[in-house]
Amino acid sequence: MFGLKKDWSLDVLPRYFTFEDYEGGEARWCPGCGDFGVLTAVQRICRDKQIPPEKTVCVSGIGCSSRLPHYMHTYGFHGLHGRALPIACGIKSRRPDLTVWVATGDGDCCSIGAGHWIHAIRYNMDMVVMLFDNNIYGLTKMQTSPTTRRGFRTNTHPEGAWIPHLDPTAVTLGFTNVSFVARTVDWNPPHLYATLQKASEHRGMSFVHILQRCPHFTGKVFEELQQDPALTPLLTHDDGIQLDPDVAKIFPNHQVHDPSDHGAAMQMVERDDVVPIGLFFQDQSRPCYDEFMKQGLEMATEDKLRGLEQALDHFMI
Amino acid sequence: MFGLKKDWSLDVLPRYFTFEDYEGGEARWCPGCGDFGVLTAVQRICRDKQIPPEKTVCVSGIGCSSRLPHYMHTYGFHGLHGRALPIACGIKSRRPDLTVWVATGDGDCCSIGAGHWIHAIRYNMDMVVMLFDNNIYGLTKMQTSPTTRRGFRTNTHPEGAWIPHLDPTAVTLGFTNVSFVARTVDWNPPHLYATLQKASEHRGMSFVHILQRCPHFTGKVFEELQQDPALTPLLTHDDGIQLDPDVAKIFPNHQVHDPSDHGAAMQMVERDDVVPIGLFFQDQSRPCYDEFMKQGLEMATEDKLRGLEQALDHFMI
Amino acid sequence: MPIRPVAKNTASSVSMSASPGTRASGSAEAQANQQVVEERIVEIVADSGEGAQKAGQIFGTISAKMGNGVWTVEIIPAEIKPPSRSRAGASGIRIRFGTKEMTNMGDEADLVVALNEQVLFGRMEQRAYHKGTVLLLESKWRDDPDPKVRQAYADALEQFQHNGYTVHEMPMEQACMEHTSNPRLGKNMFVLGMLCWIYQRDATLAEQEIQAIFGRKGEKVVAMNQALLRAGVAFAREQLEEDPYYIPPMEVDASRMVLNGNQALGLGVMAAGIEVVSMYPITPATSASHYLAGVYKKVGGVVHQAEDEIAAMGFAIGCSYAGKTACTITSGPGLALKTELLGLAVMAEVPLVIIDVQRGSPSTGLPTKVEQGDLLAALYGEPGDAPKPVLAAATIEDCLELTVTARKIAEAFRTPVILLTDANLASGVQPIPRPQVTEDWLAPPIDQSPWQDGVCPYDWDAETGLSPRPIPGQRGGEYVLTGLTHTRHSKVAYDSHSHQLGCEMRSRKLAALRSTLTPPKIHGDEQGDLLVVGWGSTLGAIEEAVNRARAEGQRVSSVHLRFLSPMEPGLKEIFSGFKRVMTVEISYSDPPEGLTMGGGTQPGRPSQLALLLREQVGGEIDYWSITPGHPLSPRQIYDVLMGRLADLDVV
Amino acid sequence: MPIRPVAKNTASSVSMSASPGTRASGSAEAQANQQVVEERIVEIVADSGEGAQKAGQIFGTISAKMGNGVWTVEIIPAEIKPPSRSRAGASGIRIRFGTKEMTNMGDEADLVVALNEQVLFGRMEQRAYHKGTVLLLESKWRDDPDPKVRQAYADALEQFQHNGYTVHEMPMEQACMEHTSNPRLGKNMFVLGMLCWIYQRDATLAEQEIQAIFGRKGEKVVAMNQALLRAGVAFAREQLEEDPYYIPPMEVDASRMVLNGNQALGLGVMAAGIEVVSMYPITPATSASHYLAGVYKKVGGVVHQAEDEIAAMGFAIGCSYAGKTACTITSGPGLALKTELLGLAVMAEVPLVIIDVQRGSPSTGLPTKVEQGDLLAALYGEPGDAPKPVLAAATIEDCLELTVTARKIAEAFRTPVILLTDANLASGVQPIPRPQVTEDWLAPPIDQSPWQDGVCPYDWDAETGLSPRPIPGQRGGEYVLTGLTHTRHSKVAYDSHSHQLGCEMRSRKLAALRSTLTPPKIHGDEQGDLLVVGWGSTLGAIEEAVNRARAEGQRVSSVHLRFLSPMEPGLKEIFSGFKRVMTVEISYSDPPEGLTMGGGTQPGRPSQLALLLREQVGGEIDYWSITPGHPLSPRQIYDVLMGRLADLDVV
Ligand SMILES: Cc1ncc(C[n+]2csc(CCOP(=O)(O)OP(=O)(O)O)c2C)c(N)n1
Ligand SMILES: Cc1ncc(C[n+]2csc(CCOP(=O)(O)OP(=O)(O)O)c2C)c(N)n1
Ligand code: SF4
Ligand code: SF4
Ligand SMILES: [Mg+2]
Ligand SMILES: [Mg+2]
């Protein structure tokens, strides 16, 4: 009666986690660095989803952005440059119970880690991958990254980067077995939150390309985008990122885009006049390698011993 | 008069190279291996273009297909597994006078070499990259490769490969600064020849995806395609691969495709009923990293010494 | 006592007589018409694809079943399909079998069955044969339509005779033709039959093996192969003058299994309770993963084939960090790629088993061949100080047991452990006692109970450097693993003290492990003129060589090291009992007397174990090592020992 | 004689008096009111972003210009922007300058200017200061609005006084306010001015440097900074009681340059005629590429930033194979990634220069800090036997010259060459003589003449292993390079002979190189009680420590190795002149007496050079090494030497 569940005892959470429960050491990025905002968004999502800190693992490579795990009060793995994805997949492989977040930079993921990037997308294991794209190598002090715009002056290309830059959203969309690609910006916290939140709900690997400000080295590269929200049209759709109307209003351009339409996503991402943000593509039906890797996970010890005996028997003479 | 050039002396080539001039040691692939045909095509093109053997360098990684340089009588670099592309780019970097061919396998290029693959395409240096795709690791005896179809049984996946396979043509089309992508099959020598010939004329990196039979391990995977040419529709266009009409006739399906249309190429490659062959995409206007790398190549020794003195002077006290 | 054919070049019509269920001789005991011998070395050599290895494997298996000691070595061509009749393309197998336990490939072969003459040249170069070795040679090439082939055959025959081999040309293919239209595919079973008669193997066992192997392909295939087997038996009995041999069986107490080292690694992985092997294919390690891929699910394990060796290592480290100690199996070039992540695993103390099945080196080297060249790279490959345990398997049994040990050490000492094996063990086949696996071999289920309050993630014991490890999921144990210098709390640190302390704690773990080890057993007396120190797959050959010299009254002993880092204790004391200490290894070294150059001499670069012993034990350490690409024979080692003893003026 | 302020906490209105063009003291010679001293060590320590390093660099440069010996070391925070007033975030510089050549950072500082008190703690931990060190400390924190800051300041002051430092609190920021609204950005020039007065530096030179550095930013910025400089001079003159110092100049014959080791590497690359540096960014190596990227085109060179270290190495190898010997510059983690390709370069004999600017290790370790931990990895990192020359720079001059040498060796010996430097050399700044570069330093144009008929691509000389090398483009020289075992013709080979021969030829090249080397010079007498052996950037500190001990009559000498593989000859003879031989290194080792464990003792793992010397020279090799993350001071080493001498009962 009155719509109460038959078992009407209240679902009292045995533990309730506050925002602070996810806060690790004091974050040490430059003032104004976009990384702070992403950290906050992740902490908020963990809190809102009430994921126990001990069941959460933040994995990263090396770079400014890869410091993120240190600032979370969860398990963390601050790996090697470029190797966040294989490590994260290994962690997830036999621990489907863990929630895995990956923090990686434009150098970490798209340069030294590129081979893993393409394959991790194929594996499509269940985790959120956050690409912090500041168009530069931050930690090592301003070298060209694959996303550095041609002509931008860096310490390794003082006359301007030479090779056409790579758009991680576009390139990821072209990878085999891709199942979730979104783009967002660090300077719009609600959009950032909503995007990461959607990613965290996705079953499979959700790749989130975050345009991230680095006031220290690339202070101006996103200035225009920031000042003129018309340049970052909002992708809208019932299956896309849902924004509070007040926030959505900030963006003068809305563009309806069905995230199940891969071809449309490909066209959308090629536009060079604007940088659309939102969910480009999602397909929950893509196979997840998690299924393969978890084979035998629940096997009882006696069964294992029996299997082992069989294997030994096979060689008996 | 009579249309003769003003300077009517005949252009006698000081040396004329025969097919045999490009033949190295006896090729040691299994009988019926598709690699033989590719080798012959390369040798024929070298002969037809009269590229001096000493000006030709064949570079490879490790694998059956990567043995190719050993069977050419040119300079060759049989590198390490996955590293053909960085090595080839290094060779070309200060030697624009050399003609570089790269032989790489589906494991070599798309698995261990994937990070270099994506970046070499971005560098777009002037060379022909031949991907020998036999859907398997040949040399190490039948392990799953990124192009192995799901369900195909291999020694590492005796119950069938698990992860969706990757189509190198499709994935390459999605890479930044891609300038030439074609697909051909080893069992149609004229198409193979015409495709590699076209690739060798392209300025920039021409990526040629070759479906290659491996009777030893994947004897059946291309059988259907081979038996029914309707399954490999021919991409035709004035700017595409030009085939002798007699040869073109073998293919019941012709599909007009403008290789300058990247979007159309993307759609064409997604078709899962057939495997179109021919030139998917070409854009001669993409920047080539060769331009950057050859800076200062012609500098005279005196100028270098002068530059060096200036650099030293800068630190003088 | 060479085997002689009754009549040369006669293809007698062979009828079947050894009925199934009986030994080829028709009897189970040594009989009057049998020559009793202690051991024999047999080879089957052929083109790749002719099935020589399969025949040899069956022969080895039935010999083991009959209670003989067995050691088989595969002769592997480096190419997938080398052209037929090519010298480098020889594919084959050597089987050494006898009354005692066989521990190595032995010296020269007694009998060789060759399906063409060219494939013997590579073996000759490796000194596989000597005067008196009997060659049973396919004779069809003598009448080949191609005059070049006929000439090559004739030239080879001359060479063989010149070498003193006893050559019997036999029309084996012709004899097979009665049973198959494609003798290239069945001749191996015919050869097996011949060998069964010559060495009085139990034909029933052979037929059972054929059934087991070809069963999947249908009854017809089985029947055809069994018919060829019987034809071979009959052919040999009729064609060969000599009495067959009888090799008395051993007394074996334990039940035994027959397998190669890579299969043993696979069993070791399963017996250790390791759930994930994360690998990238590479010869000669891959077959271990093939084996596992087929059976792993019996114990709930999974093989992950990664996109490259770096990813394989990263995946394994991730898996281990999350509580499931993983294993990665590779060979030299793959180990090289794992260097950076291995350094991370040492630095952050991630338990992990890394198996390196060594091959000919450096670089791509000799992918299918035997070498022990990765010892120093395993110890010192990582930039900076990265101490870690390094173990080496000396036998096929070790491949299984040391894998289990490695997992235990990895977890107890919170460290990656490298286990070295090599191409010799990888494909060598031998009977070994069946281990009695109990539940405690398996890794325990991961601890998910709350982490003890106040214990930090690197709560190093000041003496041993050991610390308990929080596993993700343990409430209160949250920490961030990092490859940066860190404190006990795993916080990034930049100060001298933390850096020095971390280095010390990691180093102390090796000392702690060493304190649990016992001195290696001395093979031979504790005092003497010469002590040979070895490691890895040379064990059997070294001990056999030492036995021979000792049988001649020489004061020679040997010790064999299974722990290379840390080394087993007590070496200084052991070494002090001998006038000279030398290592024997399969790796490159300059001659100990140095290299002559411009009239003078430059000091030689020592072999790898010698280098380690000089550093860790000190004193004069002599060495002998070569890189032939194949295992050392007892005779080779024996000759070296005798030479060294002569130097010492004791012979 | 500590500097004392005239009156504490008084911001006197400072007017400019030292007019441009004159020394801050207004005179060019030591004067009655100056204290003449031999050398001084000064530090400026501040938050990152406050420009302490810039001020110190200018101070160093003008000191060098005035004819003083100079050594500067940067104090680098590990994070990009550490929070202000954080202990780990100290950013700064030490300048040691004096009448003689300065070869190392020296012991404790004489005077420190600190912009806040917290940044001093890290330095204190590193024992950078001692009783009597004068601290000129920004006093504004005393009155900070935040009570926590005030408290921290007070606590620190107490600590400093307790340590015996002479602390002068000075309102530097306040004094700057007259010239700038943002003193955080200009205070460094004010500090420079103070130091100019105290040490009587030539103010004109300082103003010129300011002009050179800030010129691009416009006249206003230059004027402001010059005004701050002058204000600092005046402030010091008025505030400090003490007479200023006079440090007599050296007699310098050669013209000199002032630069750091990474810049020297860049100049070396250019002077060697290397056209391509193929790299991937990594601290502390990257700044060498930054430097090169800016100037390389002056000599027609190009920096290739690859997608990772493996690609950087592959690219360099390709470039070298094609005739243009390339260079790749990296640090430990990058070296680890290059391991496999390095093995290929050794195997296939590709000339190449690999520079490893070592940093704190293992793994990611201490990226900005000093260590010499990569020695063994450089020698033994590759699976299999991969002999290659390994050189180590001991000075900034070496960074330039050994790069040139490395390129020459690489080409003459057809081999990759590793050059080790470290974070100390990388950012240390020192005046060095300007080299006289001649055409023959540069690589000659590549040979494109037809290849000599009949000469094979690996035409190894039987004694030296050397062979001429065909370059693509050379007609008739066509060959296929491979990492597989190969013959002289570069044909893939599987036989024992080819494999052994290739190994031997590659090894012989090291012996051949060694035969061209001369024994290292002994610093001190040829006979004595103790010989110190070092390598790398510790040279200056070791020799200074040895000098001190010798001045006290101790029989101590030292040798320093620039060649680690092969080692310079004659070491055995040199060592035999001493009672004890020990190495001094900045890397981890267990104590030589071993580790105490469970009551017993486990043998210690030696430091890396000690291990090599034990193997190559033999005998007892003692060692002392630590991993503080920063350079060793002469005093530290001196104390160790005296301890060892005490053990020997000679003190
Ligand atoms: C193997 C290796 N190579 C190089 C480095 C040096 N390194 C550290 S971070 C970094 C790049 C960082 O750029 P990005 O990934 O974009 O991260 P950001 O700092 O911009 O967040 C590099 C090259 C390293 N630590 N390890
Ligand atoms: C670093 C390294 N890892 C692994 C190997 C072993 N290996 C040699 S070839 C090969 C794969 C070959 O497959 P592919 O590239 O498709 O070439 P194919 O033989 O099919 O032509 C592998 C894994 C190696 N040589 N080096
Ligand atoms: S350098 Fe850039 S990315 Fe790094 S912390 Fe500073 S602002 Fe952020
Ligand atoms: S294994 Fe396959 S790819 Fe390799 S040579 Fe044989 S047929 Fe060709
Ligand atoms: Mg970045
Ligand atoms: Mg393949």
Side-chain angles (χ1 to χ4, degrees), chain C residues 78 88 125-126 332-333 335-337 339-340 343-344 346-347 360-366 373-374 376-377 380-387 463-464 483-485 494-496 499-500 503 507-508 511-512 514-515 587-588 590 595 597-598 602-603 605-606 611 614-616 618 626-629, chain D residues 78 88 125-126 332-333 335-337 339-340 343-344 346-347 360-366 373-374 376-377 380-387 463-464 483-485 494-496 499-500 503 507-508 511-512 514-515 587-588 590 595 597-598 602-603 605-606 611 614-616 618 626-629:
Chain C
E125 189 241 7
Q126 291 182 24
L335 185 68
L337 286 171
T339 309
E340 195 200 4
L344 172 69
V346 173
M347 179 64 146
S361 54
S363 195
T364 317
L366 290 172
D374 300 354
L376 291 178
Y380 302 124
E382 300 76 38
D385 189 50
E463 241 184 30
T464 61
L484 284 158
T485 294
Y494 307 105
D495 61 298
S496 306
H499 190 52
Q500 179 81 24
C503 286
S507 191
R508 278 188 173 267
R514 191 171 193 271
S515 72
S587 65
Y588 179 77
D590 290 336
L595 292 169
M597 199 152 290
Q602 292 296 332
R605 298 170 53 247
L611 186 152
R614 285 180 184 190
E615 175 253 309
Q616 293 190 26
I626 52 170
T627 51
Chain D
E125 189 241 8
Q126 291 182 22
L335 185 68
L337 286 172
T339 308
E340 194 201 5
L344 172 69
V346 173
M347 179 64 144
S361 54
S363 195
T364 317
L366 291 172
D374 299 355
L376 291 176
Y380 302 124
E382 301 76 36
D385 189 50
E463 242 187 28
T464 60
L484 285 158
T485 294
Y494 307 105
D495 62 298
S496 306
H499 190 52
Q500 179 82 23
C503 286
S507 192
R508 277 188 174 268
R514 191 173 192 273
S515 73
S587 65
Y588 180 76
D590 290 337
L595 293 169
M597 199 151 291
Q602 292 295 332
R605 299 171 52 248
L611 186 152
R614 286 180 184 189
E615 175 252 308
Q616 294 191 25
I626 52 170
T627 51

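Note that these values count all heavy atoms, side chains included, but never hydrogens, waters or copies made by symmetry. Chain identifiers are assigned alphabetically (A, B, ...) following the order of the sequence lines, protein sequences preceding nucleic acid strands; residue numbering begins at 1 within each chain. The model shown is predicted, which means the values in this text are computed figures rather than measured ones.
- There is no contact between D:S587 and chain C, counting heavy-atom distances below 4.5 Å.
- Note that OG1 of D:T464 and CE of C:M597 are 6.5 Å apart. Values are rounded to the nearest 0.5 Å.
- For C:D590, the part lying near chain D is the side chain, with the backbone staying farther off; criterion is any non-hydrogen pair under 4.5 Å.
- Side chain of C:D385 to backbone of D:Y588: no donor-acceptor contact under 3.5 angstrom is found.
- In this structure, the portion of D:R605 lying under 4.5 Å from any heavy atom of chain C is its side chain and not its backbone.
- By number of non-hydrogen pairs under 4.5 angstrom with chain D, the leading residue of C:G373, C:G360, C:A336 is C:A336.
- Atoms CD and CZ, on C:E615 and D:R614 in that order, are 6.0 Å from each other to the nearest 0.5 Å.
- Among C:M347, C:Q126, C:Q602, the residue making the largest number of heavy-atom pairs under 4.5 Å with chain D is C:Q602.
- Options C:G343, C:G629, C:G483 differ in how many heavy-atom pairs under 4.5 Å they form with chain D, and the most are formed by C:G483.
- When D:V346, D:L344, D:T485 are each tested for a side chain to side chain contact (heavy atoms under 4.5 Å, CB included) with C:S363, only one passes: D:L344.
- For the set D:L376, D:L366, D:D495, the count of heavy-atom pairs under 4.5 angstrom toward chain C peaks at D:L366.
- Checked by atom type and distance alone, the side chain of C:D374 pairs as donor or acceptor with a backbone atom of D:G384 at under 3.5 Å.
- When atom types are taken as modelled, the side chain of D:S496 and the backbone of C:P628 share a donor-acceptor pair closer than 3.5 angstrom.
- The greatest number of non-hydrogen atom pairs below 4.5 Å with chain C, out of D:S507, D:A386, D:G332, is found for D:S507.
- One finds the OG atom of D:S361 at 6.0 Å from the NE2 atom of C:H499 (value rounded to the nearest 0.5 Å).
- For D:Q500, the parts sitting under 4.5 Å from any heavy atom of chain C are the backbone and the side chain alike.
- With sequence neighbours left out, D:E382 forms a salt bridge (Lys or Arg N to Asp or Glu O under 4.0 Å) with D:K388.
- Across D:P606, D:C503, D:A512, the residue that shares the most heavy-atom pairs under 4.5 angstrom with chain C is D:C503.
- No other option in D:A377, D:G381, D:P383 has as many heavy-atom pairs under 4.5 Å with chain C as D:P383.
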